[in-house]
Amino acid sequence: MTFSDGNPDPTRQVLAWYDRHHRDLPWRVSPAMAARGIRPDPYRVWLSEVMLQQTTVQAVKDYFARFTAKWPTVTDLARAETEEVMKAWAGLGYYARARNLKKCAETVAFEHGGRFPETEEGLKALPGIGDYTAAAIAAIAFQRQAAVLDGNVERVISRLHAVDAPLPGSKPLMRQLVAAMTPADRPGDFAQAMMDLGATICTPKRPACALCPVNASCKALAEHDPERFPVKAAKKDRPVRLGAAFVAVDEQDAVFLRKRPGHGLLGGMTEVPGTDWTARRDGATGPEAAPFAASWESCGTVGHVFTHFELRLTVYRSRVGRAATDGTGWWEPRDTLHDQALPTVMRKAIGLALPDVFAPVAPAAARAASR
DNA sequence: AACTCGTGGGA
DNA sequence: TTCCCAAGAGT
C-alpha cells in the first residue's frame with residue numbers, strides 16, 4: 001500500500017519495524033504472541049504503565065519484578081497494607097503514584113470485581129490514571145483504538161510533521177495526529193511500536209534517522225534538523241533550599257524515625273526528624289533547630305535534586321537515650337532500617353551519619369553540595 | 001494554565 | 001559540571 005505522495009503508509013512501516021525490532025520487556029506480550037491471540041494481563045500492563053510514568057525502563061524492571069512476585073493480582077495488592085506498598089515503592093520517586101496505585105487497586109478489586117474497566121473513560125476515572133495511561137491500557141490490554149501520546153510519541157510525531165508549536169500547548173494537535181495514524185487492527189502494538197521508535201531510533205539527541213522506518217515521510221529530516229523537535233516551552237530555574245536532618249541513635253543502634261504527612265512532597269514516606277526546607281540562607285540549620293535536645297555532632301551535608309528545587313541538607317548525629325525523644329515517631333532497629341519506606345534523600349542523610357548502615361550515597365554529589 | 005511532585009543516568 | 005530527560009498525574 002502506498003500513499004498518493006509515493007511514500008509507504010507510515011502506520012504499516014512502523015508496525016513492520018516493530019515486528020523485527022521490538023524490545024523484549026517483562027510486562028510485554030511480543031507481537032508474535034499477540035498475533036496468536038495472547039493478551040497481556042491488564043494488571044501487569046497497568047502496574048508497568050504507572051511505574052513507567054516519568055521513569056526509565058531500567059529503573060522500573062526490578063521494582064516490577066518485586067511487585068508482581070509479592071502481589072500477583074490486583075486483588076492481592078488491594079489487600080496489602082499501604083505501608084508495605086510504600087516500602088516496596090521506596091526509591092522509585094513520585095510517591096503519589098504509590099498512594100494512588102493502592103487506591104486504584106482497591107477500587108478495581110472491591111468495586112469492579114477485580115477487573116479493570118476496558119474503556120479509556122472508565123480507566124481515566126481511576127486514581128493515578130490520566131490521559132496517557134488510560135489510552136495505553138485501553139490499547140495494549142484491551143485492543144481499543146486509543147491514541148497513545150507520551151514523551152516518545154510526542155518526539156516522533158512532532159518530527160514527522162515538523163510541529164513548530166511548543167509543548168505542552170501543541171499536545172491536542174499531536175494527539176489528533178497520532179489518532180489519525182492509529183490502526184484499528186493492532187492499536188496496542190502500534191502504541192508500543194511508536195514508543196520503542198522514540199526510545200531507540202528517534203532519540204532526543206543524534207537520532208538514528210538512517211535506520212528509521214518512516215524517514216521517507218519525516219518532515220523534520222527533510223528540513224535537516226530533527227533535533228529541533230519537539231519544541232518546548234522554556235523551563236524555570238531550580239532554586240536552592242536549605243535544611244537540617246537529625247539522626248538520633250540509641251544504645252542499641254536503633255534510629256529514630258517519623259512518618260511524613262500523607263500528601264505533598266514525599267507524602268506518606270518515612271523520614272528522620274528535621275527542619276523545614278526553606279529558601280532562606282539564614283534559616284535555622286544548626287543543632288539549635290533539633291526537635292529535642294542532645295549533643296548533636298555535625299556529619300556534613302548531603303545534596304539532593306528534586307524536580308523543582310535543589311536541597312542541601314546538613315546532617316547531625318547524636319547518641320541519645322530513648323527517653324530523650326518526643327512521641328512523634330518510633331525507634332527502628334538498624335537491621336530493619338533499609339526495609340523502611342525511606343526515600344533516597346533520607347537514605348543519603350542516614351548514610352552520612354551512619355556509613356555502616358547505608359553505604360554513603362553519591363559521595364561526589366554530596367561533596368559538591370557541601371561547597 | 002501553571003505548579004507540584006523523585007530519582008538516576010547519559011552526554 | 002551541568003543539563004536534559006524518562007511510557008505523566010493531580011490540582
Side-chain angles (χ1 to χ4, degrees), chain A residues 23 25-28 44-64 86 89-101 103-104 123-137 139-141 146 148-156 166-169 171-172 175 178 188 190-200 203-206 227 230 232-239 241 260-261 263-269 277 303-311 341-348 361-362 364-365 367-369 371:
Chain A
R23 292 178 291 176
L25 300 171
W27 45 84
R28 179 175 280 182
R44 294 166 64 90
V45 174
W46 163 72
L47 179 62
S48 66
E49 291 300 345
V50 173
M51 286 184 166
L52 286 162
Q53 290 165 5
Q54 296 291 287
T55 308
T56 58
V57 166
Q58 190 52 42
V60 164
K61 281 182 177 173
D62 290 339
Y63 284 86
F64 180 81
M86 301 312 287
W89 197 277
L92 199 54
Y94 284 138
Y95 298 100
R97 292 186 295 174
R99 291 178 258 130
N100 286 329
L101 190 82
K103 290 183 203 158
C104 182
L123 287 160
K124 210 183 153 180
L126 295 167
I129 299 183
D131 288 334
Y132 161 75
T133 306
I137 298 173
I140 297 169
V148 175
L149 184 65
D150 77 323
N152 289 305
V153 183
E154 282 170 0
R155 196 162 51 250
V156 174
L167 285 167
K171 228 169 183 175
R175 186 169 290 107
V178 181
F190 177 75
Q192 296 177 94
M194 290 288 277
M195 292 191 278
D196 277 17
L197 195 56
T200 64
T203 50
K205 302 295 178 190
R206 297 177 61 87
E227 283 188 21
K232 294 188 176 180
K235 35 205 154 293
K236 307 187 350 180
D237 59 342
R238 182 147 42 204
R241 294 189 195 175
R260 293 178 65 89
H263 53 88
L265 186 69
L266 307 177
M269 300 298 284
W277 300 340
H304 192 74
V305 179
F306 292 92
T307 306
H308 56 292
F309 68 93
E310 173 185 340
L311 177 66
L342 288 162
T344 298
V345 61
M346 290 300 154
R347 290 171 193 252
K348 284 184 183 177
V361 182
R367 277 197 303 275
R371 291 194 198 110

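In what follows, chains carry the letters A, B, and so on, assigned in the order in which the sequence lines appear, proteins first and then strands, with residues in each chain numbered from 1.
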key: A:H304 side-chain N/O to B:dG6 phosphate OP1/OP2 under 4.0 Å   = no

message = In whole Å, I'd like the distance from the CZ atom of A:R97 to the P atom of B:dG6.
response = 9 Å

ask   = Any sub-3.5 Å donor-acceptor pair from A:R97's side-chain atoms to A:L92's backbone N or O?
value = yes

ask   = How many Å lie between CZ on A:R206 and P on B:dG10, as a whole number?
value = 17 Å

request  = Have a look at A:G267 and say if it touches a base, only the backbone sugar-phosphate, or nothing, with a 4.0 Å heavy-atom cut-off.
outcome  = nothing

request  = Output yes when at least one side-chain N/O atom of A:H308 is less than 4.0 Å from OP1 or OP2 of B:dC5, else no.
outcome  = yes

inquiry  = Distance check needed: B:dC5 P versus A:W277 CH2, whole Å only.
reply    = 10 Å

inquiry  = Considering every strand and a 4.0 Å limit on heavy-atom distances, what is the contact class for A:V305: base, sugar-phosphate, or nothing?
reply    = base

ask   = Considering only the C1' atoms, how many Å lie between B:dA1 and C:dA9, rounded to the nearest integer?
value = 15 Å

ask   = Among A:K236, A:R241, A:R238, whose side chain to side chain contact (heavy atoms under 4.5 Å, CB included) with A:H308 holds?
value = A:R241

key: Protein-nucleotide distance (A:F306, atom CZ; B:dG8, atom C1'), rounded to Å   = 14 Å

Distance between P atoms of C:dT11 and B:dG6 (Å, rounded) = 14 Å

message = For A:W27, run the side chain to side chain contact (heavy atoms under 4.5 Å, CB included) check against A:L47, A:I140, A:V57 and tell me which one passes.
response = A:V57

request  = Mind calculating the distance between CZ (A:R347) and C1' (B:dG8) to the nearest angstrom?
outcome  = 15 Å

task = Give one of base, sugar-phosphate or nothing for A:G169, where a contact means two heavy atoms less than 4.0 Å apart.
result = nothing

request  = Determine whether A:W46 and A:L123 make a side-chain contact, defined as any pair of heavy atoms from C-beta on separated by less than 4.5 Å.
outcome  = no

message = Less than 4.5 Å apart, side chain to side chain, heavy atoms only: is that true for A:E154 and A:K171?
response = yes

query = Given the C1' atoms of B:dC5 and C:dC5, what is the spacing between them in whole Å?
reply = 15 Å

key: Whole-Å distance separating the NE2 atom of A:H263 from the C1' atom of B:dT4   = 13 Å

inquiry  = Main chain of A:A90, side chain of A:Y63: is a donor-acceptor contact present, judged purely on distance under 3.5 Å?
reply    = yes

query = Rounded to the nearest 0.5 Å, how far does CZ of A:R260 lie from OH of A:Y95?
reply = 10.5 Å

C1' spacing across the pair C:dA7 / B:dA11, given as an integer number of angstrom = 22 Å

query = Starting at CD of A:E310 and ending at P of C:dC3, how long is that distance when rounded to a whole Å?
reply = 10 Å

request  = Measure the distance from CG on A:L342 to P on B:dT7 and round it to the nearest whole Å.
outcome  = 11 Å

Nucleic acid footprint by protein, nucleotides 4-11 of chain C - heavy-atom cut-off 4.0 Å, B for base, S for sugar-phosphate alone = S-BBBSS-

message = Using a heavy-atom cut-off of 4.0 Å across all strands, would you classify A:L266 as base, sugar-phosphate, or nothing?
response = sugar-phosphate

message = Can you tell me how far apart CG (A:L266) and CE (A:M269) are? Round to the nearest 0.5 Å.
response = 7.0 Å

